[in-house]
Amino acid sequence: VTILRSPTLSELEKLKKIGSGKCEVGLNAYTASANQASCENYLRNEAAKKNADFIVITNSSARGVSSAEVEGDFYRKK
């Protein structure tokens, strides 16, 4: 599953949305950026379970020292 960070309209027109996911991690010994990467891996695994080809990250934010939240939509090629 490939993460698309800034897909163009042309790219999105070739894809079919099949779901979405959200991950929130924090209050641990890792940095916010490490937790964001962990969330992206989690979403990639969730997308793979749904046979998605791509994830489009719709929200990625860090809060405080270690908290992170990532949301994304899952897509399959048409």
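It should be emphasised that the depicted structure is a prediction, and the values quoted were computed from it without experimental measurement.
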Item to check | Contact list for residues 26-42, test salt bridge (charged side-chain N to carboxylate O under 4.0 Å, His left out), sequence neighbours left out | outcome: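 Listed once each, the pairs are Arg5-Glu40.
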Item to check | Any pair counted as salt bridge (charged side-chain N to carboxylate O under 4.0 Å, His left out), so long as it reaches residues 17-26, sequence neighbours left out | outcome: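 Applying salt bridge (charged side-chain N to carboxylate O under 4.0 Å, His left out) to every pair that reaches into residues 17-26, excluding sequence neighbours, yields Lys17-Asp73, Lys22-Glu24, Glu24-Arg63.
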What residues, two or more places apart in sequence or in another chain, satisfy side-chain hydrogen bond (donor to acceptor under 3.5 Å, both in side chains) together with [X]?
X     : result
Asn28 : Asn35
Ser67 : none
Ser38 : none

Checklist entry - Linking I/L/V/M/F/W/Y whenever their side-chain heavy atoms sit closer than 4.5 Å, directly or via other members, would Tyr75 and Ile18 fall into one cluster? => result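 They do not share one cluster, since no chain of ILVMFWY contacts under 4.5 Å joins Tyr75 to Ile18.
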Next on the checklist: Under 4.5 Å between side-chain heavy atoms, counting indirect links through other Ile/Leu/Val/Met/Phe/Trp/Tyr residues: same cluster for Val70 and Leu4 or not?
Outcome noted: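 Val70 does not cluster with Leu4.
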Item to check | Leu15 vs Lys78 side-chain heavy atoms within contact, under 4.5 Å | outcome: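 In short, these two side chains do not touch, never coming nearer than 4.5 Å.
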Indicate every side-chain donor-acceptor pair of residues 49-58 with a distance under 3.5 Å to a residue at least two apart or in another chain.
{"from": "Lys49", "atom 1": "NZ", "to": "Glu46", "atom 2": "OE2", "distance (Å)": "3.1"}
{"from": "Asp53", "atom 1": "OD2", "to": "Lys77", "atom 2": "N", "distance (Å)": "2.9"}
{"from": "Thr58", "atom 1": "OG1", "to": "Glu71", "atom 2": "O", "distance (Å)": "3.3"}

Next on the checklist: Just by distance, no angles: are the side chains of Gln36 and Ser60 close enough, under 3.5 Å, to form a donor-acceptor pair?
Outcome noted: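 Yes, because at least one side-chain N or O of Gln36 sits under 3.5 Å from a partner of the opposite role on Ser60.
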Checklist entry - Under 3.5 Å, is there a donor-acceptor pair between the Ser33 and Thr31 side chains? => result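 Yes, side-chain donor-acceptor contact under 3.5 Å.
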Checklist entry - Could you go step by step and tell me if Ser66 and Tyr30 meet the side-chain contact (heavy atoms from CB on, under 4.5 Å) rule? => result CA-CA 6 Å; Ser66 67; Tyr30 299 104; 5.9 Å; no
Next on the checklist: Using every non-hydrogen atom in the two residues, find where Gly64 and Ala32 come nearest and quote the distance to one decimal.
Outcome noted: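 For Gly64 versus Ala32, the nearest heavy atoms are O-CB, 4.5 Å.
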Next on the checklist: So does Gly72 get a backbone contact from the side chain of Ser20, meaning a donor-acceptor N/O pair under 3.5 Å?
Outcome noted: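 Not at all, since once roles are kept as given, no pair shorter than 3.5 Å links the two residues.
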